[in-house]
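Below is one structure, written out as structure tokens; comments come after it.
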Amino acid sequence: MAGILFIISAPSGSGKSTLVNEVRKQLSGIEFSVSWTTRPPRGSEEHGREYNFTTREEFEKMLADGEFLEHAEVFGNYYGTARKSLEQARRDGHDLLLDIDVQGAAQVRAAMPEAVSIFVLPPNPKVLRTRLRNRSRAEGVVNEAEVYRRLNEASKEIENFREYGYILVNDTLDRAVAQLEAIVLAERFYRNDEQIAYRSRRVLEVAAGCLQINSQERLKPVLEAFGILNPAGQRELPFLEDSDEEDSQDDQGDSSKGDSHDNKEDFNDD
Ligand code: ADP
Ligand code: 5GP
């Protein structure tokens, strides 16, 4: 089996790592590329697990030695994908998933147009702010300046959504996980003729629904909320004065909703 290269991008805090971790628990044969970065570890992050943490000097040396498939500067730090990750996945015949920003994704698409690209959107700026804050809290510190910086960057990143083949809106976690899983299975089915048995019809439908070309109506409210479709091009962040207390209600961690099954995509043919 030839490994498929999946690229996933999203504004920081959209829930991309959460989605990817969930899908990795459920699907085999897909590797996650551990990027190199010059940013310091956050929370419980470990070297070699979430990232390979390194210095600017080391990163620049690796760059000069041509070790990166792609790289970019994001929020003042370098991030890059080592060519070795791709080579290893190819040797193992595994799919490879790259969690990279929009600049890196453009570099990979240019070099490997066959890559499958997926863009993850948060439902609206308020939910994004809540997720960024909650994550900061879980890491023991709420850095408002950093939260604001990432929020500001989000609209600019979202403007690149048209470059991606598939779009996920990470509103309800279960649903978004099921959609990401469906995309991987559908691409395996189309590219490798891999059987996906009785679930196939529903999986292919779910994946097709996530194709960017089929997502205009679904995306409209999200893009409007981020000021992307606003003809005046306004990019005001309308929620900045909101109190912190609202946060817990804005994004009742759909992941923690009691009856999450209702929201789950059901792949069973009926
Ligand atoms: P990213 O990797 O895109 O920067 P994370 O995966 O770290 O984002 O998620 C940011 C925060 O949002 C985390 O605290 C995570 O638990 C939470 N989160 C992710 N997806 C959802 C969701 N669908 N509903 C509620 N909270 C979510
Ligand atoms: P964070 O610091 O929140 O983990 O990541 C910040 C941004 O860097 C995210 O958009 C993430 O996708 C991106 N990123 C992580 N690894 C890489 C990489 O190897 N290359 C590129 N170009 N971006 C990356």
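Just so it is clear, the model here is predicted, and its values are computed rather than measured. Only this structure's heavy atoms are used, side chains among them; waters, hydrogens and symmetry mates stay out. All ligand and atom numbering here is 1-based and tracks the order in the structure.
- For E58, there are no salt bridge (Lys or Arg N to Asp or Glu O under 4.0 Å) partners two or more places apart in sequence or in a different chain.
- Residues R135 and S12 have side chains that bring a donor and an acceptor to within less than 3.5 angstrom of each other.
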Run the numbers on E57 and K61 for salt bridge (charged side-chain N to carboxylate O under 4.0 Å, His left out), then give the verdict. CA-CA 6 Å; E57 293 71 38; K61 184 171 179 309; over 6 Å; no
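- The list of side-chain hydrogen bond (donor to acceptor under 3.5 Å, both in side chains) pairs with a residue in residues 106-119, not counting sequence neighbours, is empty.
- Pairs engaging residues 120-145 under the ring pair (Phe, Tyr, Trp, His ring centres under 6.0 Å) rule: none recorded [sequence neighbours left out].
- A donor-acceptor contact shorter than 3.5 Å is absent between the side chain of D92 and the backbone of H94.
- Not close to ligand 1: A10, with no non-hydrogen atom less than 4.0 angstrom away.
- Remark: among candidates R137, E50, R131, E22, the nearest residue to atom 11 (C) of ligand 1 is R131, based on non-hydrogen atoms.
- At least one heavy atom of S14 lies less than 4.0 angstrom from ligand 1.
- Figure legend: R83 and F68 shown without cation-pi pairing, the cationic atom not lying both under 6.0 angstrom from the six-membered ring centre and within 45 degrees of its axis.
- Residue L19 places no heavy atom under 4.0 Å from ligand 1.
- Counting heavy atoms closer than 4.0 Å to ligand 1, residue V120 contributes nothing at all.
- Ligand-side atoms of ligand 1 in range of S12: 4 (O), range being under 4.0 angstrom from any heavy atom.
- Both the backbone and the side chain of S17 come within 4.0 Å of ligand 1, judged by heavy-atom distances.
- Of the polar atoms of N134, none of the N or O atoms is found under 3.5 Å from an N or O of ligand 1, judged by distance alone.
- Ligand 2 is surrounded by A10, S12, K16, S35, R39, R42, Y51, E70, A72, V74, Y79, G80, T81, D99, I100, D101, G104, R150, each with at least one heavy atom closer than 4.0 Å.
- Here the shortest heavy-atom distance to atom 4 (O) of ligand 1, taken over R135, K16, R133, belongs to R135.
- Relative ring orientation between W36 and H47 is described as perpendicular, the plane-to-plane angle rising above 60° on a 0-90° scale split at 30° and 60°.
- Between T172, T18, V177, L173, it is T18 that holds the heavy atom closest to atom 16 (O) of ligand 1.
- Taking the centre of each ring, F119 and F161 stay at or above the 6.0 Å mark.
- Distance alone, capped at 3.5 Å, is enough to place a donor-acceptor pair between the D95 side chain and the I4 backbone.
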So L98 and F6, side-chain contact (heavy atoms from CB on, under 4.5 Å) or not? Walk me through it. CA-CA 6 Å; L98 309 182; F6 292 93; over 6 Å; no
